[in-house]
Structures are given as C-alpha cells and as structure tokens.
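Below is one structure, written out as structure tokens, with a few remarks after it.
Order of the sequence lines fixes the chain letters, A, B, ..., with proteins taken first and strands second; residue numbering starts at 1 for each chain. Only heavy atoms go into these numbers, but all of them, side chains included; no hydrogens, no water, no symmetry mates. The model shown is predicted, which means the values in this text are computed figures rather than measured ones.
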There are 2 protein chains.
Amino acid sequence: MKKIEIFTDGACSGNPGPGGYGTILRFNNISKELYGGDPKTTNNRMEMTAVIKGLQALKEPCEITLYSDSKYVIDAITKGWAVGWKKRGWVKADKKPALNSDLWEIILQLLAVHKVEFVWVKGHAGHTENERCDELAVKGSQEARSLGASFDKVVGE
Amino acid sequence: MKKIEIFTDGACSGNPGPGGYGTILRFNNISKELYGGDPKTTNNRMEMTAVIKGLQALKEPCEITLYSDSKYVIDAITKGWAVGWKKRGWVKADKKPALNSDLWEIILQLLAVHKVEFVWVKGHAGHTENERCDELAVKGSQEARSLGASFDKVVGE
RNA sequence: AGACACCUUCUAUU
DNA sequence: AATAGAAGGTGTCT
C-alpha cells in the first residue's frame with residue numbers, strides 16, 4: 001500500500017455560519033491541495049469534511065498518517081467514540097443524540113478501506129502544513145460566503 | 001390580589017459546592033432582581049432557594065405565575081410530590097427519606113398564603129428572564145465562593 | 001429504565 | 001465575550 005500523509009483543517013466564521021475546509025495530501029514529495037466551503041455549517045462539520053475530502057481523493061486503498069487539530073475528530077476515532085455511537089444508533093452515553101452522524105458514517109466507511117493513523121496537532125502552534133490548511137479553509141469559507149453555495153476545488157501538485 | 005410574575009434559577013459549581021440563586025419579580029412593568037449564594041450547597045437547593053426568596057419578597061398575598069427550569073421543583077409542586085412527602089413524614093415512595101425537607105416546608109408554607117401557578121421553562125433555550133436569572137445565580141455563586149459565607153442581596157427596581 | 005437541572009475537563013471555531 | 005462538540009460526574013424525583 002502507498003504511504004500518504006494527509007493534513008486537514010476547518011474554519012467557520014460565526015459558527016454556525018459560512019465555513020471552509022483545507023486539506024493537503026502528500027505522496028513522494030508531491031502535494032495536492034484541496035479546499036472548499038459551505039455557506040451554512042459549523043466548525044466541527046468543516047473539520048470532518050476536511051478529513052472526508054482527503055480520503056475520498058485517494059483512488060486506491062492507502063496507508064495514511066492523518067493530522068488534524070480537532071480533538072473532536074481525533075478522539076472520536078482513536079477513542080472509539082464514533083464506533084460506539086453508530087453501534088448505539090447515534091446516541092451518546094448520556095442518551096442524547098450524537099451529532100453529525102451523516103459525516104461520521106462517511107468517515108467510518110472510508111476507514112474500512114484505508115489504513116489510517118490519526119495524529120492530533122496543536123492548532124496555531126507553528127505547524128507548517130496545519131497553517132497552510134488553515135489558509136485554505138479560510139479561503140474556502142470566504143468563497144462560500146460570497147457564492148452563497150457549497151463548492152470544492154483542487155489546486156497544487 | 002396583585003398579579004406578579006416570578007422567574008427563578010439556581011447554579012452550583014461542583015455540585016455539591018458553592019452555589020447561587022437568581023430571582024426576578026415583575027409587577028406592572030417594574031422588576032426587582034434578587035440574588036445570593038451559599039458556599040456549600042447543591043443545584044436543587046439553589047433552585048428551591050430562588051423560589052423561596054421570590055415568594056418571601058412579597059409583603060401581601062399575591063396571584064403569581066412562577067417560572068423555573070427545574071423539573072424537580074415544578075413536578076414536586078404540580079404533581080403533588082411535596083405534599084405527599086410531608087404527609088408521609090418526608091418519606092418517598094421507595095421508603096427512603098425525601099431530601100431538602102427544610103426548604104420544602106418553607107415553600108409549602110408560602111404556597112398557603114399565595115396563589116401560585118408553576119410553569120416549567122426549558123433552560124438555555126433563549127428565554128430572556130431565565131437567562132438573566134442564570135447570570136444572577138452565577139454571580140451569587142461566585143460571591144459565595146469568594147466570601148466563604150452565605151449572603152443575600154437585592155438589586156433592581 | 002426515564003426526566004430535568006447542575007457541573008468538571010478538553011479541543012477547536014469565532 | 002460566545003458557539004460547536006465530546007467525555008466524565010452529582011443532585012433529585014418517578
């Protein structure tokens with residue numbers, strides 16, 4: 001399996017409000033940048049979307065190290081929260097609904113095909129790729145606001 | 001009888017721990033705000049205290065609509081739990097002791113002089129007065145913690 | 001088993 | 001200052 005690095009970040013002005021995601025894929029020193037946005041979303045949905053878009057960009061099963069600054073995303077996977085929510089019908093331990101189940105379903109499905117190690121990185125702490133993802137996410141959120149519609153883009157090589 | 005609206009809320013950091021209550025009385029478009037705290041209490045005792053302080057502020061029998069977000073308080077009155085506990089010597093249906101009987105005694109006594117309709121409001125749902133009461137309760141709990149002693153305050157008009 | 005409330009911690013987004 | 005999300009817990013009752 002090919003070894004890939006994926007870096008992700010989300011942004012959302014207003015929260016809820018117009019939001020964007022930024023994703024960098026790296027394979028053999030070549031990078032591909034993805035970004036996009038949604039005119040009405042939340043910070044956490046954009047963090048999740050950044051992960052989804054990165055994994056969906058792969059055309060075959062890969063071995064991935066994925067970096068995110070979202071404890072929500074990282075803990076939900078590495079601590080087994082998401083699997084537990086799905087098992088219990090998207091209900092949390094306190095019996096209240098676990099949110100964003102639509103996106104978690106997609107992520108869990110993608111994790112069944114790829115081998116992914118999730119790594120948490122502290123936000124705004126000088127991590128080069130995380131800060132580039134943040135720029136992309138902000139750009140996505142700005143375009144979503146001006147467009148008033150969802151969109152996706154690919155840049156770089 | 002004068003028609004009064006009373007809004008109440010309680011807070012308690014730690015639970016048990018330092019707690020506060022907040023109460024708003026409204027009569028003819030004039031409002032009075034009460035708050036206070038206790039360095040060692042529970043959330044439910046503060047919810048009850050908010051009710052007691054509001055009713056005790058009245059100098060004559062009134063017709064009151066009282067709003068609380070505590071099902072414990074609302075159900076104990078509207079479903080007759082408190083009357084039942086008192087009748088059975090402060091014993092619950094499961095034979096265990098009913099708690100906070102000291103405060104329930106005071107409330108039942110106040111209900112004998114005033115005509116009160118209890119209304120439950122959902123907490124943290126944009127209810128203006130409930131959120132103001134929450135602010136007052138938090139202030140009371142903070143002052144109780146720093147003072148290390150119980151106190152009561154009256155503000156507004 | 002259910003309900004409401006009250007918290008403690010954590011991260012991100014503003 | 002606030003929102004979006006999660007874990008763990010107590011206070012109380014039916």
Side-chain angles (χ1 to χ4, degrees), chain A residues 8-22 41-50 68-82 84-85 90-101 103-104 120-125 130 133-134 137-138 141, chain B residues 8-22 40-50 68-82 84-85 90-94 96-101 103-104 120-126 130-131 133-135 137-138 141 145:
Chain A
T8 68
D9 195 27
C12 188
S13 42
N15 196 28
Y21 67 86
T41 186
T42 68
N43 65 327
N44 290 331
R45 288 186 70 83
M46 283 299 98
E47 301 276 9
M48 297 172 73
T49 301
S68 166
D69 63 20
S70 167
K71 275 285 189 188
Y72 176 55
V73 168
I74 297 292
D75 286 350
I77 299 302
T78 65
K79 298 189 177 176
W81 298 350
W85 300 330
W90 303 105
V91 172
K92 292 186 296 180
D94 65 3
K95 305 295 185 180
K96 289 176 183 168
L99 302 188
N100 303 317
S101 60
L103 299 182
W104 286 121
W120 178 74
V121 296
K122 184 166 178 55
H124 308 284
N130 178 260
C133 287
D134 182 65
V138 168
S141 115
Chain B
T8 68
D9 195 25
C12 185
S13 40
N15 195 28
Y21 67 88
K40 175 71 177 167
T41 185
T42 69
N43 65 326
N44 290 328
R45 289 186 69 83
M46 285 297 99
E47 301 276 9
M48 298 173 74
T49 301
S68 168
D69 62 21
S70 167
K71 279 281 191 186
Y72 176 55
V73 167
I74 297 292
D75 287 350
I77 299 302
T78 64
K79 298 189 177 177
W81 298 350
W85 301 330
W90 301 105
V91 171
K92 291 185 296 180
D94 63 3
K96 291 176 183 168
L99 302 188
N100 303 319
S101 59
L103 299 181
W104 286 121
W120 178 75
V121 296
K122 183 167 179 56
H124 308 283
N130 178 260
E131 296 194 348
C133 287
D134 182 65
E135 289 178 12
V138 168
S141 114
R145 182 182 50 198

Review point. Say you draw a straight line from CE of A/M46 to CG of A/D9; how long is it, rounded to the nearest 0.5 Å?
Key: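 Rounded to the nearest 0.5 Å, the CE-CG separation comes out at 11.5 Å.
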
Practice item. Using a heavy-atom cut-off of under 4.0 Å over every strand shown, decide if B/W85 touches base, sugar-phosphate, or nothing. Key: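 Since only primed, P, OP1 and OP2 atoms lie under 4.0 Å of B/W85, the category is sugar-phosphate.
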
Point to revise | Sugar-phosphate only, base, or nothing, as touched by A/K95 at under 4.0 Å among non-hydrogen atoms | key: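 The answer is sugar-phosphate, as A/K95 gets under 4.0 Å only of primed atoms, P, OP1 or OP2.
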
Check your understanding: Is the B/W90 ring parallel, tilted or perpendicular to the B/W85 ring (thresholds 30°, 60°)?
Key ->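 It falls in the tilted class, 30° to 60°.
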
Practice item. Indicate yes or no: at least one non-hydrogen side-chain atom of B/T42 is less than 4.5 angstrom from one of B/P16. Key: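 The answer is yes, as the side chains (C-beta and beyond) meet within the 4.5 Å cut-off.
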
Point to revise | Side-chain heavy atoms of B/L103 within contact of B/R45, under 4.5 Å | key: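 Contact flag for B/L103/B/R45 side chains = yes.
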
Could you give the [atom1]-to-[atom2] distance, from [X] to [N], as a whole number of Å?
X: A/L99; N: D/dA7; atom1: CG; atom2: P; value: 10 Å
X: A/Y72; N: D/dT3; atom1: OH; atom2: P; value: 18 Å
X: B/W104; N: D/dT12; atom1: CH2; atom2: P; value: 10 Å

Exercise for review: Taking heavy atoms of chain A and a 4.0 Å limit, find me the 5'-most and 3'-most nucleotide of RNA chain C within that range.
Suggested key: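 The contact span of chain A on RNA chain C goes from C/rG2 to C/rU14.
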
Short N/O separations, protein against nucleotides 8-10 of chain D, under 3.5 angstrom:
{"unit_1": "D/dT10", "atom_1": "O2", "unit_2": "B/N15", "atom_2": "ND2", "d": "2.6"}

Practice item. Return yes if a side-chain donor-acceptor contact under 3.5 Å exists between A/Y72 and A/N100, otherwise no. Key: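 Yes - a donor-acceptor pair under 3.5 Å links their side chains.
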
Check your understanding: With nearest nucleotides of RNA chain C determined for A/K71 and B/W120 from heavy-atom distances, which residue corresponds to the more 5′ nucleotide?
Key ->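 Here B/W120 is the residue nearer the 5' end.
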
